Amino acid sequence: MISYCSSRTLNVTYLLWVLIFTEIKMRVPLGAVIGRFPFSSSSNGEQAQNQNLEMGDVIKHGRKCRDIPFLVFFIAFWIALIVNSSFGFYKGNPLRLAHGLDYKGNVCGDKNGSPNLHGLGVRYWVNPNQVFESGFKDSHSDLEDFKSICLKDCPVPSEDTLKWVCNYPEGDEIRLSMKQWVSRDYDYFSFLTPDMRKSSLQLLGPCYPVLFPSVNVLWSCEFMARKSNASLQQWHQMGGQTVDDGMMLDKTVHKSINSQSSVLKRYVADIGKAWPVLIVCGGIIPLALSLMWLAMIQRLVAAMTWITVALFDILIISVTIFFYLKAGWIGNDAISPIIGKHDPYYHISGRERGHLHFAAALMTIIMAVAILSSIAIARRIVKATSVLKVASKIIGEVRALIIFPIMPYALLAIFYMIWISATLYLLSSGEVIRDRCNANCCAYDLRLKQVNCERCCGHTIHYTPHIGLAILFHLFGWYWVTQFVKAFSSTVIAGSVASHYWAHGEVLQEISFLPIFSSVKRLVRYNIGSVAIGSLIVSVVESSSRILKPLRRKLMAVDIRTHDRMGKFLSVSSHYALMCIEWIIKSVNHNAYIMIAITGESFFAASAMATELIKNNILRIGKVNVIGNVILFLGKLCVSLASALFAFLMLDTHVYKSAHNKVSSPLIPVLVCWGLGFVVATLFFAVVEVSIDTIILSYCQDSEEHRGTTQYATPLLLEPLDDHNEMESHEQ
């Protein structure tokens, strides 16, 4: 376990480039800014007139607007993000993510289609011979090129009569409404003229026989490779064309449903269908649990460390068991892609089940490592109590700290709801175009009153390159805004805690009512641009890391095949170097926000101050905060794991197993709730985390200004931070 102090030593490397942006005049003692008397050593002439400054002027002395160009850039980014999302809302249709296209290019289930297809969300391929032909490897066409239609349910052959599925009613010959067509089970064969009947017997339409049973597999009718003998006999008696059968018939549709692109689209669609789960399990539950944790730490600070570790072990085991259940490794509650009633002896497995198998195996490894780690730190948990006591005392003094995270929580909640909606529309904002194919797709056209062999191919959704760029920009926007809100919250908390420390642990008179509002006012008025640039740096570095990871894996695979050891070494070393840089920047930013709250300086100047302050006090702060950070991290995981557990329970209800709202797999909604729960917990747990770090930085500066002794630290703070006590604990 890397200690708090040793981890901060990596910040020294960051100091080299930070100092490039820092003026030499910033190298004055910090006590002039954050001490009791806010004036520099070179201002002795003004010292006398400032002796009577009230303590309320300490934190806000000499401030001015900082990093204005970055604030302007952030505003411009917001405008671009709104325009980008508007494009998705205008062009997209989330129904495309889960439902297929019919022979007219309509999305099944779309009430704005031509005709109105509301309630007709199941895609059915009408010609079994075309389905059979598209399954061969040497075929010049695929399943999407052939005729399909949108129905309410998958048709089943009758043992008494031959059933038909006919085109949408249109033209002068067929005078039926869509409602009447549905009520007749899509069959108007008796209304056909002799020419239409002849064409239908050649499998050219407008009506097609139902010869094979089919089952609704994720809104597409998958044929069963067993024909109805009664229906087939009637078909032959009427002089119908020979129909191919065999295993290729069901495998062809299953292959299309189970393709990687189809699975990915369904995963995204699952997020839209499970939006009540996201609100409850990703928003409300982590909010309640985080507030409960903050309230308990004030009264049960000694026991909270043990409670957190025990709950973490219980929750991670419970979540792993649910993955086992849905993967089918234990019990009989495995996910099924079949929608509605079906033969209980007919089983289908898709990629979603395989992904759950992988997730269950990964969770098993994570669970084992997590439990062993929690056992390993059990003996050192006592050290976290003294640090958490300091933070709990601050929370008790400044009670608004518990309530304040609700503000950034509300901002993120509103942003996430709009952002997720825009994501669904952006990912479905392609253009529907007719394919160019060499297939024999001739079909009867009711409007033309003849068989048409031109422009008869199927439709696909075409995505242009600019849509891909819009999606990437949208994802980056989510990350930047999230980091910005977290940084804003941390800076406000740091300003409130610093005010408390430098007032000898007493609440300042000027901000005795609501210290949070004073900190928010200072930040918004002077340093909002500093928070914008800090969050931008983290977003750029981490986004670049995510983009470069797939490229690194490909290069590593090539090096393994070619046995290039040097290439493999460079690939692995670059990976860990990138992780180190990413971690250093996040650590420096965290301390920079604290110094921004205290001094009001620009981001780069505050980064240099924080880095130098920690560098000069490495041996003093030692291992103070290591176990405390571990306990806080476990607390965040407890909240997020509880969110995932409740998501599993909600998704296991009938609502999300029925036809309309059925999710293809609980995997993505559960992971999204897990991530949202962690973000919410981070906002609230920052009250403790930032309080501890702010006190440590203030303690270090207080000690430096008074030659090794502190004038503002409370006795409770001296216990975990004093050198003598630390040495005695090491000897013991």
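All values below were derived from every heavy atom in this structure, side-chain atoms included, with hydrogens, water molecules and symmetry-related copies excluded. Residues: numbered from 1 along the sequence shown. No experiment lies behind these values; they were computed from the predicted model shown.
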Residues Lys657 and Asp333: closest non-hydrogen pair is NZ-OD1, 3.3 Å
Less than 3.5 Å apart, any donor N or O on the side chain of Tyr444 or Ser200 sitting next to an acceptor on the other?
no
- Query: Can a cation-pi geometry be assigned to Lys265 and Trp219, taking NZ or CZ under 6.0 Å from the six-membered ring centre and within 45° of the ring axis?
  - Reply: no
Fill in: Cysteine SG atoms at Cys673 and Cys281 closer than 2.5 Å
no
Between Pro209 and Tyr124 the two heavy atoms that sit nearest each other are O-OH, 4.5 Å
Taken in chain and number order and not counting sequence neighbours, the residues that satisfy side chain to side chain contact (heavy atoms under 4.5 Å, CB included) with Asp195 are Thr193
Here the pair of heavy atoms bringing Cys221 nearest to Trp125 is O-CE3, 4.3 Å
Run the side chain to side chain donor-acceptor pair (under 3.5 Å) test on Thr482 and Tyr416 for me, step by step, so that the C-alpha distance in whole Å, both residues' side-chain angles and the decisive distance to 0.1 Å come before the verdict.
CA-CA 9 Å; Thr482 301; Tyr416 278 3; 2.8 Å; yes
When every non-hydrogen atom of Gly430 is compared with those of Tyr463, the smallest separation belongs to N-CE2, 3.7 Å
On a heavy-atom basis, the closest approach of Ile335 and Ser664 is CD1-O, 3.9 Å
dist Ile668:CD1 -> Leu671:CG (nearest 0.5 Å) comes out at 5.5 Å
Report task. Report yes or no: does Trp235 contribute a side-chain atom to a donor-acceptor pair with the main-chain N or O of Thr242 at less than 3.5 Å? Result -> no
Check for a donor-acceptor pair, side chain of Ser640 on one end and backbone N or O of Gly677 on the other, with a separation under 3.5 Å.
no
Test your reading of the model: is there a side-chain donor-acceptor pair from Tyr208 to the backbone of Asn167, 3.5 Å cut-off? no
### Message
I want to check something: taking the side chain as every heavy atom from C-beta on, are Thr252 and Phe223 in contact at a cut-off of under 4.5 Å?
### Response
no
- Given the rule in the ring pair (Phe, Tyr, Trp, His ring centres under 6.0 Å) test, do Phe415 and Trp78 qualify, once you have shown the distances and angles that lead to the verdict? CA-CA 12 Å; Phe415 171 74; Trp78 260 102; 5.8 Å; yes
Are the side chain of Gln130 and the backbone N or O of Phe146 linked by a donor-acceptor pair below 3.5 Å? no
From the list Trp329, Phe648, Phe358, Trp674, ring pair (Phe, Tyr, Trp, His ring centres under 6.0 Å) with Phe323 holds only for Phe648
- Task: Output yes when a side-chain donor or acceptor of Ser183 lies under 3.5 Å from a complementary backbone atom of Gln180, and no otherwise.
- Result: yes
In this structure, NE2 of His474 is separated from CG of Leu81 (nearest 0.5 Å) by 6.5 Å
Ser231 and Ser158 have their tightest heavy-atom pair at OG-O, 3.1 Å
Would you check if the side chain of His357 reaches a backbone N or O of Ala327 as a donor-acceptor pair within less than 3.5 Å?
yes
Using distance only, find each side-chain donor-acceptor pair of residues 116-123 under 3.5 Å and give its atom names and separation, not counting sequence neighbours.
residue: Asn116; atom: OD1; partner: His118; partner atom: N; Å: 3.0
residue: Arg123; atom: NE; partner: Leu101; partner atom: O; Å: 3.0
residue: Arg123; atom: NE; partner: Ser148; partner atom: OG; Å: 3.1
residue: Arg123; atom: NH1; partner: Glu144; partner atom: OE1; Å: 3.1
residue: Arg123; atom: NH1; partner: Glu144; partner atom: OE2; Å: 3.4
residue: Arg123; atom: NH2; partner: Leu101; partner atom: O; Å: 3.2
residue: Arg123; atom: NH2; partner: Glu144; partner atom: OE1; Å: 2.9

Backbone N/O of Ile82 and side chain of Ser85: donor-acceptor pair under 3.5 Å | no
Taken in chain and number order and not counting sequence neighbours, the residues that satisfy side chain to side chain contact (heavy atoms under 4.5 Å, CB included) with Asn258 are His254, Val263, Arg351, Glu352
With a 4.5 Å heavy-atom cut-off, do Leu426 and Thr423 have their side chains touching? no
